[in-house]
2 protein chains.
Amino acid sequence: MYCGRVVRTKDPAVRTLLIERAAHMLRTREPITLRTLVAGTGVSTMAVYTYFGGMEGLWQAMRQEGFTRLAEALDQVATTADPVRDLAALGAAYLTNALASPDLYRVMFDAAFALENPAAADETLHCLVRTAERAKEMGRFRSDIDPLSLATQTWVIGHGLVSLVATGPLPREALDHGIAILTALFVSCGDAPETAHRSVTEGWRL
Amino acid sequence: MYCGRVVRTKDPAVRTLLIERAAHMLRTREPITLRTLVAGTGVSTMAVYTYFGGMEGLWQAMRQEGFTRLAEALDQVATTADPVRDLAALGAAYLTNALASPDLYRVMFDAAFALENPAAADETLHCLVRTAERAKEMGRFRSDIDPLSLATQTWVIGHGLVSLVATGPLPREALDHGIAILTALFVSCGDAPETAHRSVTEGWRL
DNA sequence: GCCATAACATAGCACTGTTATGTATTGTGG
DNA sequence: CCACAATACATAACAGTGCTATGTTATGGC
């Protein structure tokens, strides 16, 4: 059996260089095109095709990078003895991360990436689910509460808030609505109203 | 003082023709470009510039059209004796309208249209606010509830749901989470849990 | 040391939105 | 009534886009 010879290997440094340059151009609001991306880097336009298979592949890589950073940001949220506070803090971290780089956020949730990487969504939800489970085990939530559903609902609230604020319709102060909605949601899960309100306002530090 | 003469007037029919054709191409997933848009219509590419000032102007007109249709869809929601049900129905109508034409929805909330037409958002919120006021007057909500805030929160929930479902991360069944979140929100406003649940499930017909 | 194969560079293609330029049309003031 | 000025519209060109065809260079296994 003939095994084809592998003769040249891609340089991973070039790949990360392009991604970081694209991320930088995204931050500085420069339009990212094939030619502006490679300009000044010394590499030619073909590099985008050998490393990403085209511009769409680069955007996919950017989305992956965005989800990775989001997961890191959520992981850095402190775990305290109050899981309800932590759940609100995770929501706040979601907002902070998204509003810190709204352009990357827009790329992440750009349409037409359906099912491209369904694991990314689950990964994002994972720490939310664990925190919800913890709150349930501590007796803050009723035993019939589904942690995954609650995590999803928390995500929905955070995403709706940051979407409407980032794209313009709602002013930045509207983020405070998150406190009321989350508190109502957690109370409906069995937490005591005063306790829930205190935990949420404590975790909701933007 | 010299007043310039107005000698030729634009034909409004051409404007609506282009908008409707663009809307149709949006529905049929055809890529909308300057040339594909005017192809077959008999008008030349310059028409887009005389009527919209360019492609960006056409997208703005599309957004306006989208918000107008959304307002009409919300206006068609029946007003019953149960304002809490109506509030949930408005949320459901928002989802239905958005998912019926997800591409138009994406255009509407496309980024970089910040403050382009801030009245559009208020217009969208208006019937939500009125319904919230009605529920408050009927004693379903506490007297300290701010209808505008509650309407905004309802909008945030609906928008978060439809965004995550339309762009892929969440499956369509996730729309059912709206019932739990809205019920929790309305209960937090003073409505009785059983009554709120019944009203929301009644209004939440997708 | 071959030499097949991948990495890379160059030039061109079809397409995009936009604009410059020329023509046709039309309402109105004299 | 009608000449004219200003607008609507058509044609063609321009700069820029992503992408691909083609040629060149470099490299690692036999």
Side-chain angles (χ1 to χ4, degrees), chain A residues 1-26 28-63 103 106-107 110-113 116, chain B residues 1-26 28-63 103 106-107 110-113 116:
Chain A
M1 171 181 187
Y2 175 72
C3 303
R5 321 180 191 180
V6 175
V7 289
R8 273 187 90 180
T9 58
K10 297 183 195 176
D11 185 3
V14 175
R15 186 189 155 89
T16 63
L17 175 106
L18 287 178
I19 287 186
E20 284 184 9
R21 173 158 170 80
H24 178 261
M25 294 177 73
L26 210 57
T28 56
R29 296 286 201 287
E30 301 170 71
I32 299 180
T33 76
L34 179 64
R35 290 170 176 80
T36 61
L37 179 65
V38 302
T41 63
V43 306
S44 85
T45 62
M46 279 305 294
V48 176
Y49 288 85
T50 59
Y51 287 100
F52 303 100
M55 285 302 278
E56 183 51 37
L58 183 129
W59 292 118
Q60 284 189 23
M62 296 287 289
R63 279 191 280 266
D103 305 279
R106 192 187 324 147
V107 172
D110 197 15
F113 87 104
E116 160 192 313
Chain B
M1 174 179 187
Y2 175 72
C3 302
R5 320 182 192 178
V6 175
V7 288
R8 273 187 91 181
T9 58
K10 298 182 195 176
D11 184 3
V14 176
R15 185 188 157 91
T16 64
L17 175 109
L18 287 177
I19 286 185
E20 283 184 10
R21 173 159 170 80
H24 178 261
M25 295 177 72
L26 211 58
T28 56
R29 296 288 201 286
E30 301 170 71
I32 300 179
T33 76
L34 178 64
R35 288 170 178 79
T36 60
L37 179 65
V38 301
T41 63
V43 307
S44 84
T45 60
M46 279 305 294
V48 176
Y49 287 83
T50 59
Y51 287 100
F52 303 100
M55 285 303 278
E56 182 50 37
L58 182 127
W59 292 118
Q60 284 189 23
M62 297 287 289
R63 279 191 281 266
D103 306 278
R106 192 188 321 146
V107 171
D110 196 16
F113 88 104
E116 160 192 314

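Below, chains carry the letters A, B, ... as their sequence lines are ordered, and counting in each starts from 1. All heavy atoms count here, side chains included; hydrogens, waters and symmetry mates do not.
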message: I'd like to know if the side chain of A:T36 reaches the main chain of A:I32, judged simply by a donor and an acceptor atom lying under 3.5 Å from each other, with no hydrogens or angles considered.
response: no
query: In whole angstroms, how far is the C1' atom of D:dC9 from the CZ atom of B:F52?
result: 15 Å
message: Could you measure the distance from the CZ atom of A:R15 to the CG atom of A:L17? Nearest 0.5 Å is fine.
response: 12.5 Å
- request: Please state how far atom CD in B:Q60 lies from atom C1' in C:dG17, giving the value in whole angstrom units.
  value: 16 Å
query: If you look at every strand shown and take non-hydrogen atoms under 4.0 Å, does B:M55 touch a base, only sugar-phosphate, or nothing?
result: sugar-phosphate
- request: Measure the distance from CZ on A:R15 to P on C:dA7 and round it to the nearest whole Å.
  value: 13 Å
- prompt: When the distance from CG of B:L18 to C1' of C:dG17 is rounded to whole Å, what number comes out?
  reply: 15 Å
field: Whole-Å distance separating the CG atom of A:L58 from the P atom of D:dC19
entry: 10 Å
query: Does the side chain of A:Y51 get closer than 4.0 angstrom to OP1 or OP2 of C:dC8 through an N or O atom?
result: yes
query: Rounded to whole angstroms, how far apart are CH2 on B:W59 and P on C:dT16?
result: 13 Å
- request: Show your reasoning for whether side chain to side chain contact (heavy atoms under 4.5 Å, CB included) applies to A:I19 and A:F52.
  value: CA-CA 10 Å; A:I19 287 186; A:F52 303 100; 3.7 Å; yes
message: Given D:dT11, D:dG18, D:dT20, identify the nucleotide with an atom nearest to the side chain of A:M46.
response: D:dT20
field: N/O (side chain, A:Y49) to phosphate O (OP1/OP2, D:dC19) under 4.0 Å
entry: yes
- prompt: For A:A39, does its backbone N or O pair with a side-chain atom of A:R21 as donor and acceptor, under 3.5 Å?
  reply: yes
- prompt: If you measure from CD on A:E20 to CE on A:M62, what distance do you get to the nearest 0.5 Å?
  reply: 10.5 Å
statement: In short, the helix from C:dG1-D:dC30 to C:dG30-D:dC1 is bent end to end, axes from five pairs each side, to 10°, by 0°
- prompt: B:T33 near the nucleic acid: base, sugar-phosphate alone, or nothing, with a heavy-atom cut-off under 4.0 Å?
  reply: sugar-phosphate
- request: Would you indicate what A:V43 reaches in the nucleic acid, counting non-hydrogen atoms under 4.0 angstrom: base, sugar-phosphate, or nothing?
  value: sugar-phosphate
- request: Measure the CE-CG distance between B:M25 and B:L37 for me, rounded to the nearest 0.5 Å.
  value: 6.0 Å
field: Residue whose nearest DNA chain D nucleotide is more 5′ - B:R35 or B:G42
entry: B:G42
message: Quick check for you: to the nearest 0.5 Å, what is the distance between B:Y49 atom OH and B:M46 atom CE?
response: 8.0 Å
